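In this chain, numbering begins with 1 at the start of the sequence shown. None of these values were measured; they are calculated from a predicted model.
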Amino acid sequence: QVQPVESGGGLVQAGGSLRLSCAASGRTFGNFVMGWFRQAPGKEREFVAAISRSGVGTTYADSVKGRFTISRDNAGNTVYLQMTNLKPDDTAVYYCTTVISDNWAKAFGSWGQGTQVTVFS
């Protein structure tokens, strides 16, 4: 079981960048495909990006493709989300968790408290 703790959110102007971190407890971190999700006010939580156990394979939602980059450090039990060219529509609480190995857009693990990202124009 992986328990995530997200950080790195903040207030940023449109076009700016942020790097989110997800520190995950558990000795089996490297056994899990990890994903980032986000939830905007009044909307359902949605998939953002996922990364394979080794870190070689990645996938992204169309809305963030080319702007966001997911990476991981298995030795440090951490997953990152580098976000560039941010848009007001990216405003949301961002979460990381484990995802199903044959459906990376579907979460199955524990949710942390998330980290707030607010993009103003």
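- Nearest heavy-atom pair, Ser21 versus Thr78, reported as atom, atom and distance to 0.1 Å: CB-CG2, 4.4 Å.
- Proximity of a side-chain donor or acceptor of Glu6 to a complementary backbone N or O of Cys96 within less than 3.5 Å is detected.
- Between Phe68 and Tyr94, the two ring planes are tilted [angle within 30° to 60°].
- Clustering ILVMFWY residues whenever any of their side-chain heavy atoms sit less than 4.5 angstrom apart, transitively, puts Ile100 in the very cluster that holds Val2.
- The shortest heavy-atom contact between Leu18 and Leu86 is N-CD1, 3.9 Å.
- Contact record, Gln116 with Ala92: NE2-O, 3.5 Å, taken as the closest heavy-atom pair.
- Here the closest non-hydrogen pair linking Ser121 and Ala14 is CA-CB, 4.2 Å.
- Follow the hydrophobic side-chain contacts under 4.5 Å out from Ile70 and you never reach Phe47; the two are in separate clusters.
- A donor-acceptor pair is defined here as one N or O able to donate and one able to accept, closer than 3.5 Å; such a pair exists between the side chain of Asp90 and the backbone of Lys87.
- Counting non-hydrogen atoms of other residues, nucleotides and ligands closer than 6.0 Å to NZ of Lys65 gives a total above 12.
- Separating the CD atom in Gln3 from the OG1 atom in Thr97 is a distance of 8.5 Å, to the nearest 0.5 Å.
- Cluster membership for Trp104 and Val48, using ILVMFWY side-chain heavy atoms within less than 4.5 angstrom, is not shared.
- Residues Leu20 and Val33 do not share a hydrophobic cluster, defined by chaining ILVMFWY side chains whose heavy atoms lie under 4.5 Å apart.
- Leu81 contributes atom CG, which lies 13.5 Å from atom CZ of Arg72 (distance to the nearest 0.5 angstrom).
- Residue Ala49 comes nearest to Tyr60 through the heavy atom pair CB-CD2, 3.5 Å, listed as atom of the first residue, atom of the second, then distance.
- Within the 3.5 Å criterion, the main-chain N or O of Gly30 finds no donor-acceptor partner in the side chain of Asn74.
- Interatomic distance, Ser101 OG to Lys106 NZ, rounded to the nearest 0.5 Å: 13.0 Å.
- Met34 and Phe108 fall within the same hydrophobic cluster, defined by Ile, Leu, Val, Met, Phe, Trp and Tyr side-chain heavy atoms under 4.5 Å apart, directly or through other members.
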Derivation of the ring-ring contact (aromatic ring centres under 6.0 Å, His included) call for Trp111 and Phe37: CA-CA 10 Å; Trp111 295 105; Phe37 295 76; 5.5 Å; yes
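- In this model, no donor atom of one side chain and acceptor atom of the other lie less than 3.5 Å apart for Gln82 and Thr84.
- Annotation: cation-pi geometry not satisfied between Arg53 and Phe32 (NZ/CZ under 6.0 angstrom from ring centroid, within 45° of ring axis).
- Counting heavy atoms of neighbouring residues, nucleotides and ligands inside a 6.0 Å radius, atom CD of Glu46 exceeds 12 of them.
- We find the CD-CZ distance between Glu44 and Arg38 to be 14.0 Å, quoted to the nearest 0.5 Å.
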side-chain contact (heavy atoms from CB on, under 4.5 Å) evaluation trace for Thr69 with Tyr80: CA-CA 8 Å; Thr69 302; Tyr80 302 98; over 6 Å; no
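- No donor-acceptor distance shorter than 3.5 angstrom exists from the side chain of Thr28 to the backbone of Asn31, with no hydrogens or angles considered.
- Summarising the geometry of Trp36 relative to Cys22, their closest heavy-atom pair is CZ2-CB, 3.6 Å, with the distance given to 0.1 Å.
- In this structure, Arg45 satisfies the cation-pi test against Tyr95, with its NZ or CZ atom closer than 6.0 Å to the six-membered ring centre and inside 45 degrees of the ring normal.
- Between the Thr91 side chain and the Asp89 main chain, no donor and acceptor come within less than 3.5 Å of each other.
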